[in-house]
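The first residue of the sequence shown is numbered 1, and numbering continues consecutively from there.
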Amino acid sequence: KLKSEEMENTEQCEVLFKTNLSEYQGKTPENSFRIPASFGRYALSGLVNQLLELDPPKPFDILINNEFLRTSIKEFCDQRQIPLEEGLDVEYLEALTAPEPKEEFIHDDWISVISSVFEGFYITGSYDRCIRIFNSADMESPPLICTGHNSAVKGITRVYTAATPDPEQISIVSASADQTLKVWDISPSKKKFSVRMDCIGHDASVECVSSNASAPDLFCSGGWDGKVIIWDIDDIVDNTDANADATSKKRRRNAAKTELKPRATLPHTQCVSSVIWATRRNILTGCWDHSIRTWDVETGKNTSTYSTNTPIQSLAFSAERGLVASGQSDNSLKTWDTRGAEKTVWKNFTASKGWISSIAFHPSNPNLLITGSYDKNVSLWDLRSSIPLYTMPTLDRVLAVEWDVADGKDLILSGGVDRKLSVFELPSSSKK
């Protein structure tokens, strides 16, 4: 029961507790009742524990109108012009506990990209020009180190193909500051790798690369030259002499490294920092010209433009909700609803004290995302909260973040200027 002194001479509101958690259904009062409007998250969590008679108590988060309560109820309602006398539906859910640091692996130079596109492996790209393949189940073993680029590796994605993949081999595309992309065939179990082809078409550092399983054999890239290039694995450059005989043509083709030519080029006016192959025929691009654009791959047309006040540093896309998250050079995190008619910001978050260099949505919970920032922090967000749920400090600027949700775990991967591949684990309740 609420203490009588808490109810005397205080502004009150009427609340009705609800939950989607099956184990607590029907255990809180079916009717609304009055509580002090000065109550915040922790007081309401304590009240829920009393109503559920939990021992030991559990921490709960509180949602009002699908927003996390981070102030008192009165402040929340005043800021949103919600009359207290109308009553409130209050949803409670188990709060996430802090991510726990698990492992760290030192690289020789800055880590610029992390990928978990192949289950069982972590793939990193570094400023030392190397790609490293870690076995996620045996991180104590040395990684396979793949060399071939002449400058920093800036992006990594999977090669999807219509053919049945070899279970012993993984195929990836890497983007580099050496102005090229490379297609790799890698056999981690055999500790072997080879460059299948070079992709030549950019005139400056290639900053990003992306692919999608619904568009096999295709991938796209963006760079400092303002180009977005679409590539097809089958578009191979034939450098042989048309007048040469068939035997000499075959000998030269086999001796030369295979080169891929651009299938199409889409224009931006400044550096393209992010590309995402979002659906079968649509890609998203983020650019320093202050725009996020949607492109139709088949027609090459720019179908939608989302304008901002500052350059785009990073993008992430939630296919389940059609949401784009963008990291800005004004240190903000913005979300955009691509399914709506309005081309304006859906939600704006004051995120950090430095550029947001990397963003990743949780693969199965579209409310959760992580950001890495130049303020040396990795932050865990729920889009229903105006502030991060948790912030994990690192030793230097964060350049890359990624999720790994294999084997029933929720792992956060991060890396950057401190040269560490860091692994944090979330509790299983993150999937609720």
Task: Cation-aromatic face contact R158/F118, 6.0 Å, 45 degrees - done: yes

Open item on the list: Whether the S194 and W184 side chains hold a donor-acceptor pair (N or O, under 3.5 Å, no angle test) is what I'd like checked.
Closed with: no

TODO: Flag the pair K376 and D396 as a salt bridge only when some basic side-chain nitrogen lies within less than 4.0 angstrom of an acidic carboxylate oxygen.
DONE: no

Open item on the list: Could you work out, with side chain to side chain contact (heavy atoms under 4.5 Å, CB included) as the rule, every residue matching V183, not counting sequence neighbours?
Closed with: V159, V173, R196, M197, C199, F219, I233

Open item on the list: If we count only N and O atoms by modelled type, under 3.5 Å, do the side chains of S357 and Q313 hold a donor and an acceptor together?
Closed with: no

Open item on the list: Can you see whether N20 engages E91 through a side-chain donor-acceptor pair at a distance of less than 3.5 angstrom?
Closed with: yes

TODO: Run the numbers on Y24 and F60 for ring pair (Phe, Tyr, Trp, His ring centres under 6.0 Å), then give the verdict.
DONE: CA-CA 12 Å; Y24 301 127; F60 288 94; 5.7 Å; yes

Task: D178/K182 salt bridge by N-O under 4.0 Å criterion - done: no

Open item on the list: One thing to verify: whether D61 and R70 come together as a salt bridge, which I'm taking to mean a side-chain N less than 4.0 angstrom from a carboxylate O.
Closed with: yes

Open item on the list: Between D108 and R419 (salt bridge meaning N to carboxylate O under 4.0 Å), is one present in this structure?
Closed with: no

Task: Ion pair check, K347 and E67, cut-off under 4.0 Å - done: no

Open item on the list: I'd like to know if K190 and E168 make a salt bridge, using a cut-off of under 4.0 Å between side-chain N and carboxylate O.
Closed with: no

Task: Check ion pair R384-D382 (N to O, under 4.0 angstrom) - done: yes

Open item on the list: Using a strict threshold of under 4.0 Å (side-chain N to carboxylate O), is an ion pair present between R281 and D296?
Closed with: yes

- [ ] Indicate yes or no: does E100 engage K102 in a salt bridge with an N to O separation below 4.0 Å.
- [x] yes

Task: Listed partners of D235 passing side chain to side chain donor-acceptor pair (under 3.5 Å), at least two apart - done: none

